There are 2 protein chains.
Amino acid sequence: MVRGQDRAGGSAGGSRQAMVQPPRRGGGGRPTIGDVAALAQVSKATVSFVINDRPGVSPQARQRVLDAIDQLGWQPNAGARALSTKRSQTLGLVMRRPPELLSTDPFFPQFVAGIETGLAPLGYALVLQVVPDEETERQAYERLARDGRVDGVFLTDLRTDDPRPALVTELGIDALIVGPPQHGGRVPALGVDDGSGVRRAVSHLRSLGHRWIGHVCGAAGYVHTEARCNAWRGALADAGLPEIPPVPADFTGAAGAQATHQLLDLDRPPTAIVYANDLMAIAGITAATSRGLRVPEDLSVVGFDDIPLADCIAPPLTTVRQDVLAWGRAAAQALVSLTEGGEFQAAELPPVEFVVRASTAPPRT
Amino acid sequence: MVRGQDRAGGSAGGSRQAMVQPPRRGGGGRPTIGDVAALAQVSKATVSFVINDRPGVSPQARQRVLDAIDQLGWQPNAGARALSTKRSQTLGLVMRRPPELLSTDPFFPQFVAGIETGLAPLGYALVLQVVPDEETERQAYERLARDGRVDGVFLTDLRTDDPRPALVTELGIDALIVGPPQHGGRVPALGVDDGSGVRRAVSHLRSLGHRWIGHVCGAAGYVHTEARCNAWRGALADAGLPEIPPVPADFTGAAGAQATHQLLDLDRPPTAIVYANDLMAIAGITAATSRGLRVPEDLSVVGFDDIPLADCIAPPLTTVRQDVLAWGRAAAQALVSLTEGGEFQAAELPPVEFVVRASTAPPRT
DNA sequence: CTTAGATATTAAACCGGTTTGATGACGCTC
DNA sequence: GAGCGTCATCAAACCGGTTTAATATCTAAG
């Protein structure tokens, strides 16, 4: 080799146009930057400059490189690039959830789709892990952080006393909490206020004339469960309405039905119930109906999520809708800018929508 | 440096025990294999041998290496490893679906969870992409294949005349079709026969006495939609029952309701309807009820999927359940063994279950 | 005709692993 | 004590990119 490590073909004095055949590498391997460089009669560095939009490349050289890339169908190897730049252009999402509960959840798929729509234009990828318990969860984050597979992680379904904010801080990994900011937390957070939906629900019911409103909570230990429950309490208090003790449940239909019966068994049963999600609300409607009550005449019901089924049942469900897709997109953009620039500014999220359908009505007089 | 590129600390003649402090690298960077080697007083190669379980390392050296790894909390960098081995230990899943339809689907989250449970023990990761249309879908596969990010991909929601089997073959990337084998296809496939659930449904209805059974199809163009529709036709034919033209729909509640009305508007409406998914079935029940019919007395309804809501509504839905989690796990294992060994043998999947609830009953005489 | 300055270009080092071929130490046999 | 095989160990090359520092070329100014 006379000149340069990088030249793979063509004699040192040969003309540019001399090489016609793409110098495809021996085996079935994909082309490398070296192949592109050889075909374009430039060095690897020049190719690198071209694809990274760095100055100092003549228009002619640039064009030859682009042609070569095109001809070979080359694309930089993600691993090699990550090795050099120390950035994997990948974010991580760890879902901790008993697998059988996953299909219940309208949030997960939409949120993932939202993340994707935010990530794709930026050239980022998403690695996903689903883990069953807290121990595996910890290991998952540690592995992702230490083997350099991701530049940052999302923290979803935050629990009260969640160990993960401390964990990611300790691991020195960029992270974004998907949910309302934690007071005192050092980890940035992006999320709509769950409470506003619940307040809208209570205010809607009150304006219909309800004064005795119950609440069926989500699974204990989650920040958003508490947020919804507290918002309900606060809304009642603000409206000067009396409080029935909220009934604990866990987002499943069975728990929703049971909690409903519990409320309806009270000496003075509520005329309206606000559920922490649609699934429990629908199960609640079924439970109430089975006792001979009619919804909404005898009992008004409000859900949360606006799942696709919400308007396919009788009566169609009044509920709270969040733009989860937009949330995911914003979260993706926020986490990327966090890992890249270091700066985080909370994006504006579309507010929750309150969807009035037919499961709410004025109470019987 | 007297001996060896790899030694980072300790004089050449120093005793093994001389070094107490971990030779942590300057900045905040994570430890590398070189740091481990230095701490354990061995070469990088020896460390590599230890973590890859290769022979030729003395018990003493192995122990020192393990101690050093432990002390530094080291973990091999995924990108670097991928660069050397040309294997990323990562699989790809591309979902092409209009984002707003995603939350409808009980399959996706469960399947992903299943993949994870199969992948995690093998040390593999999953990268996920959600794309809106065919063009982006193609680009997604091309990118994943060419930048070496994944060792193989799953192909889900196969369409009739799907371009992807040809695409992955052309790209030379390992792939697994999630679904029944395609006749004539070169791409291996793993999936339960959608038809068997539908046949179970028809046979159940026939044994109840139904002889006039309708079908509401899923979204056109999908292999599994056709499979369910054809299975329904076949089951009717086998049972010697007359066929009502199947009604096209698209898996959404609105379409399910409309299709139901269409069937009930017939001169001779069916006494039972088999739906391609639960969402349409539930919308169908609501539609029938709104016409004054009672389910199951006047109309029997069978769904498909067994979503969590299926037994929270009135009447609880008779439906077909697949063990999607097990399917995902098996698919993960199959694709890994495909990319590693090259050999593929179809694993046994648990058969579909037919869940009889209260939405089916003998027809009115 | 120099010379300085700007611009295009590249060789080589580097990222953090894996893998190979060479070397040295050791125990064994004859 | 020479010869040989085994085993542990390591230096160096390599994977495919990025980045730096040096060099080559061209232009404009003095």
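Small disclaimer: the values here were computed from a predicted structure and weren't measured. A, B, ... follow the sequence lines: proteins, then strands. Residue 1 opens every chain.
A:R30 has its CZ atom 11 Å from the P atom of D:dG17, to the nearest Å. If you take CD1 of A:I33 and C1' of D:dG17, they are 6 Å apart, rounded to a whole angstrom. Atom CD of B:Q89 is separated from atom C1' of C:dG17 by 13 Å (rounded to the nearest Å). D:dG17 atom P lies 10 Å from atom CD1 of A:I69, rounded to whole Å. C:dG16 atom C1' lies 6 Å from atom CG of B:N77, rounded to whole Å. Rounded to whole Å, the distance from NZ on A:K44 to P on D:dT18 is 10 Å. Taking atom CG on B:D35 and atom P on C:dG17, their separation rounds to 9 Å, with Å as the unit. Straight-line distance from the CG atom of A:L83 to the C1' atom of D:dT18: 10 Å, rounded to whole Å.
In this view, A:R138 and A:E142 satisfy the salt bridge (charged side-chain N to carboxylate O under 4.0 Å, His left out) rule, not counting sequence neighbours. In this structure B:T85 satisfies the side chain to side chain contact (heavy atoms under 4.5 Å, CB included) test together with B:R81, B:R87, sequence neighbours excluded. In this structure, the side chain to side chain donor-acceptor pair (under 3.5 Å) partners of A:Q63, at least two apart in sequence or on a different chain, are A:D67.
At D:dG17, one or more side-chain N or O atoms of A:W74 fall inside 4.0 Å of OP1 or OP2 (strictly under the cut-off). The phosphate of C:dT10 (OP1 or OP2) has a side-chain N or O of A:T46 nearer than 4.0 angstrom. Dashed line: the shortest gap from a side-chain N or O of A:R81 to OP1 or OP2 of D:dT18 is under 4.0 Å. Contact between the side-chain N/O atoms of A:K86 and the OP1/OP2 oxygens of D:dT18 is not found at any separation under 4.0 Å.
Judged by distance alone, the side chains of A:S88 and A:R149 never bring a donor and an acceptor atom under 3.5 Å apart. A side-chain donor from one of B:Y124 and B:E340 sits under 3.5 Å from a side-chain acceptor of the other.
Listed by residue number, B:F49, B:G56, B:V57, B:S58, B:A61 are the residues of residues 48-61 of chain B with a heavy-atom contact under 4.0 Å to DNA chain D.
Of the candidate nucleotides D:dA11, D:dG16, C:dT18, D:dG16 has the atom nearest to the side chain of A:S84.
How far OH of B:Y141 is from CG of B:L167: 8.5 Å, rounded to the nearest 0.5 Å. Between the CG atom in A:D133 and the OG1 atom in A:T136 there is a gap of 3.0 Å [rounded to 0.5 Å].
Between the two ends of the helix from C:dC1-D:dG30 to C:dC30-D:dG1, each summarised by a five-pair axis, the helix axis turns through 60° (rounded to 10 degrees).
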List the steps and the verdict of salt bridge (Lys or Arg N to Asp or Glu O under 4.0 Å) for B:R96 and A:E116.
-> CA-CA 12 Å; B:R96 171 185 146 195; A:E116 276 296 323; over 6 Å; no
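Relative ring orientation between B:F108 and A:F108 is described as parallel, the plane-to-plane angle staying below 30° on a 0-90° scale split at 30° and 60°.
A salt bridge does not link A:R146 to A:E170: none of the charged nitrogens lies less than 4.0 Å from a carboxylate oxygen.
Looking at every heavy atom in both residues, A:A80 comes nearest to B:L83 through CB-CD1, 3.6 Å.
Using a 4.0 Å heavy-atom criterion, one finds that B:T85 contacts the sugar-phosphate atoms exclusively.
Looking at heavy atoms from C-beta onward, A:V168 lies in side-chain contact with A:V187 at the 4.5 angstrom threshold.
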Pairs under 3.5 Å (N/O, protein and nucleotides 23-25 of chain C):
none

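Nearest-nucleotide positions on DNA chain C place A:R62 closer to the 5' end than the other of A:R62 and B:Q75.
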